[in-house]
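Just so you know, these numbers use all the heavy atoms, side chains as well, and skip hydrogens, waters and symmetry mates. What you see is a predicted model; the values in this text were computed from it and never measured.
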Protein chains: 2
Amino acid sequence: MPSVKKQKHSGYKVTVLDYSILGLLAGNSFTGYQIRMIFEKTAMGSFSGSPGTIYPALARLEKQGLIGKKDVAGKNTELFVITRTGMSALRTWILTSPTRDEITKGLDALSLKIAFLDLADDGKKRSRFLIALSEALQQYISELEAYYKSAAANMPKGGRLAYEHGIESYKLTLKWVRKVQAAYPTKP
Amino acid sequence: MPSVKKQKHSGYKVTVLDYSILGLLAGNSFTGYQIRMIFEKTAMGSFSGSPGTIYPALARLEKQGLIGKKDVAGKNTELFVITRTGMSALRTWILTSPTRDEITKGLDALSLKIAFLDLADDGKKRSRFLIALSEALQQYISELEAYYKSAAANMPKGGRLAYEHGIESYKLTLKWVRKVQAAYPTKP
DNA sequence: CCAACCATGTAAGCTGTTACATGATTGA
DNA sequence: TCAATCATGTAACAGCTTACATGGTTGG
């Protein structure tokens with residue numbers, strides 16, 4: 001097992017929710033309320049969109065300099081805008097090789113990265129990321145299958161069915177990643 | 001939208017992690033350490049298996065009377081065993097109609113319910129649960145498709161691909177639930 | 001005998017959630 | 001004018017994670 005980076009509280013950690021917000025702001029400027037409504041009405045990343053979720057996240061992002069506020073003439077509301085730092089942090093995150101956790105604990109983070117993939121315009125890094133992703137998926141599927149083979153006999157019927165479905169889901173995701181690869185070819 | 005039960009802290013809430021542990025103990029008795037290892041080595045429900053996760057959960061469950069401790073002769077370890085109350089709480093949970101959250105925010109809880117489905121031996125309730133589940137999935141898929149139709153035009157390519165994959169995943173799950181239904185027929 | 005594993009726990013921290021507030025603006 | 005919606009926040013809380021501790025047991 002490779003050593004995992006362990007750090008207690010090195011200042012700040014940008015969460016998946018934070019990156020979701022950054023990704024939204026990468027395409028447009030929004031008020032906090034508008035962002036809330038997007039999360040509430042469209043099941044974005046499965047976060048709640050309640051004020052207690054969104055506003056603290058916005059405050060976190062602003063403190064880190066990843067987003068800023070902009071007054072809008074006439075209106076007395078403020079728009080949140082992504083900063084250059086924020087944009088580059090987002091791009092870096094999108095193209096960072098998937099972690100073990102991103103593969104094993106739900107694929108939300110990965111879906112999000114791909115949803116925002118157009119923001120990362122470096123074709124080379126992009127295809128490197130996609131290759132790493134499909135390899136990681138393949139490997140994990142092998143692990144799941146190996147375990148299933150060894151343990152299925154002692155599982156109840158429901159357990160087997162659930163496990164099989166887990167494997168099938170990952171296979172579907174792998175097929176999808178290959179489709180994404182085809183949709184973002186490296187320029188020759 | 002139907003009203004959602006809102007309660008702040010009515011004593012205790014049994015979490016998905018708690019039910020995972022209950023489900024394990026429904027089939028066997030384990031020491032805390034053994035349970036930890038199961039979570040660590042088999043990605044059960046994607047929880048961590050570290051002591052800080054498992055032991056507090058075991059303490060919670062014991063305080064609620066859902067599990068108990070049993071000395072084992074000779075050895076100086078203690079085994080955790082599920083109580084009658086715990087067993088019935090688990091059965092009730094397994095057969096409770098899926099909530100909106102269980103459908104929208106990851107399908108982990110639902111997979112778990114099906115993994116433990118054999119413990120709920122009431123065939124009638126079981127098929128009622130599975131019917132409710134497939135209907136809820138169908139409905140959610142329709143919602144996703146309707147939204148996609150209206151919003152796809154304004155999405156970047158990656159966004160479309162990610163959203164499509166979300167829908168496909170739910171469709172796969174629905175197909176799976178139908179398979180489960182076939183595997184647990186109501187006795188005529 | 002010493003390392004590896006078995007075994008159990010606690011402390012601190014962060015994130016996200018719910019619920020509670022408060023006010024401005026708009027439209028019917 | 002009065003309700004709905006826009007808009008922003010805070011307080012309390014639960015649950016999971018990481019990291020820190022501490023010992024007993026077993027095998028090479």
Report the distance from atom [atom1] of [X] to atom [atom2] of [N], rounded to the nearest whole Å.
X	N	atom1	atom2	value
Lys63(A)	dT15(C)	NZ	C1'	14 Å
Arg36(B)	dA7(C)	CZ	P	10 Å
Phe47(A)	dC14(C)	CZ	C1'	14 Å
Tyr19(A)	dT15(C)	OH	C1'	15 Å
Asp71(B)	dT8(C)	CG	P	12 Å
Phe80(B)	dA7(C)	CZ	C1'	11 Å
Glu62(B)	dT8(C)	CD	P	12 Å
Leu17(B)	dA14(D)	CG	P	16 Å

Atom pairs under 3.5 Å: protein N/O with N/O of nucleotides 2-6 of chain D:
unit_1	atom_1	unit_2	atom_2	d
dC6(D)	OP2	Tyr33(A)	OH	2.6

Among dC16(D), dG15(D), dT17(D), which nucleotide sits nearest the side chain of Lys13(B)?
dG15(D)

Of residues 105-113 of chain B, the positions that come close to DNA chain D - non-hydrogen atoms, cut-off under 4.0 Å
none

Got a sec? Which of residues 50-61 of chain B come in under 4.0 Å of DNA chain D, heavy atoms?
Ser50(B), Gly52(B), Thr53(B), Arg60(B)

Which other residues belong to the hydrophobic cluster containing Ile131(B), where Ile, Leu, Val, Met, Phe, Trp and Tyr are joined when side-chain heavy atoms lie under 4.5 Å apart, directly or via other members?
none

So if I apply the side chain to side chain contact (heavy atoms under 4.5 Å, CB included) rule between Met87(A) and each of Leu22(A), Ile82(A), Thr92(A), which one comes out positive?
Ile82(A)

Kindly indicate whether a cation-pi arrangement holds for Lys70(B) with Phe80(B), taking the cut-offs as under 6.0 Å to the six-membered ring centre and within 45° of the axis.
no

Is it possible for you to check whether Lys113(B) lies under 6.0 Å from the centre of the six-membered ring of Phe129(B), through NZ or CZ, and within 45° of that ring's axis?
no

Spacing of NZ belonging to Lys157(A) relative to CD1 belonging to Ile114(B), to within rounding of 0.5 Å:
12.0 Å

Name each donor-acceptor pair under 3.5 Å that joins a side chain in residues 135-142 of chain B to protein atoms two or more places apart or in another chain, with its distance.
unit_1	atom_1	unit_2	atom_2	d
Gln139(B)	NE2	Glu143(B)	OE2	2.8
Ser142(B)	OG	Gln138(B)	O	3.1

Can you tell me if Lys125(A) has over 12 outside heavy atoms packed within less than 6.0 Å of its NZ?
no

Minimum side-chain heavy-atom gap [X]-[Y] below 4.5 Å:
X	Y	answer
Arg126(A)	Leu95(A)	yes
Asp18(B)	Leu66(B)	no
Phe47(A)	Ile54(A)	no

List, one per line, each side-chain donor-acceptor pair under 3.5 Å for residues 145-156 of chain A, sequence neighbours excluded.
unit_1	atom_1	unit_2	atom_2	d
Glu145(A)	OE2	Lys171(A)	NZ	3.1
Tyr148(A)	OH	Glu164(A)	OE2	2.5
Ser150(A)	OG	Tyr147(A)	O	2.9

